[in-house]
Amino acid sequence: KGTLKDVGGRTVKFTITHLNEYVPTQIANRLVEDLKKIGINADTDPKDYKAFWKAANIGLYDVILIDSNPMFSDPAFLEPY
């Protein structure tokens, strides 16, 4: 499997910033795995609560995973359907 390149020939890659908690970590890791399947190089950047919201408020991220009102807080709902 190859890696996705942008128009300039650079590898498409970014970092997913998320809260360093179980559910956000599981979601971010699953996103990384899924993106890898289509050639996109992503990694995760877990942050504690204070650092996460500071980064979110001042825009210090490539991609940030925010769920302000989770529908399902139980990790069992992360299973694919």
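Just so you know, these numbers use all the heavy atoms, side chains as well, and skip hydrogens, waters and symmetry mates.
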Sub-4.5 Å side-chain heavy-atom contact between Lys36 and Asp34: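 Of all side-chain heavy-atom pairs linking Asp34 with Lys36, none is under 4.5 Å.
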Heavy-atom side-chain proximity of Asn20 to Thr25 below 4.5 angstrom: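 Asn20 vs Thr25: side chains touch.
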Heavy-atom pair with the smallest gap, counting every atom of Ile16 and Leu65: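 Of all heavy-atom pairs spanning Ile16 and Leu65, the closest is CG2-CB, 4.4 Å.
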Nearest non-hydrogen partners of Val32 and Thr44, listed with the distance: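 That would be CG2-CG2, 3.7 Å.
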Distance-only polar pair, side chains of Asp43 and Thr15, donor-acceptor under 3.5 Å: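 Yes, Thr15 and Asp43 have a side-chain donor paired with an acceptor closer than 3.5 Å.
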Any donor-acceptor N or O pair under 3.5 Å, side chains Thr17, Lys47: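 No pair is found: no donor N or O on one side chain lies under 3.5 Å from an acceptor on the other.
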Flag if over 12 foreign heavy atoms under 6.0 Å of NZ, Lys54: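 Incorrect, the count does not exceed 12.
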Kindly work out whether a path of hydrophobic side-chain contacts (I/L/V/M/F/W/Y, heavy atoms less than 4.5 Å apart) joins [X] to [Y].
X     : Y     : value
Ile38 : Val12 : yes
Leu60 : Tyr49 : no
Tyr22 : Ile27 : yes

If I take atom [atom1] from residue [X] and atom [atom2] from residue [Y], how far apart are they, to the nearest 0.5 angstrom?
X     : Y     : atom1 : atom2 : result
Gln26 : Glu21 : CD    : CD    : 12.5 Å
Lys13 : Thr11 : NZ    : OG1   : 6.5 Å
Trp53 : Asp48 : CH2   : CG    : 13.0 Å
Tyr61 : Phe14 : OH    : CZ    : 13.5 Å

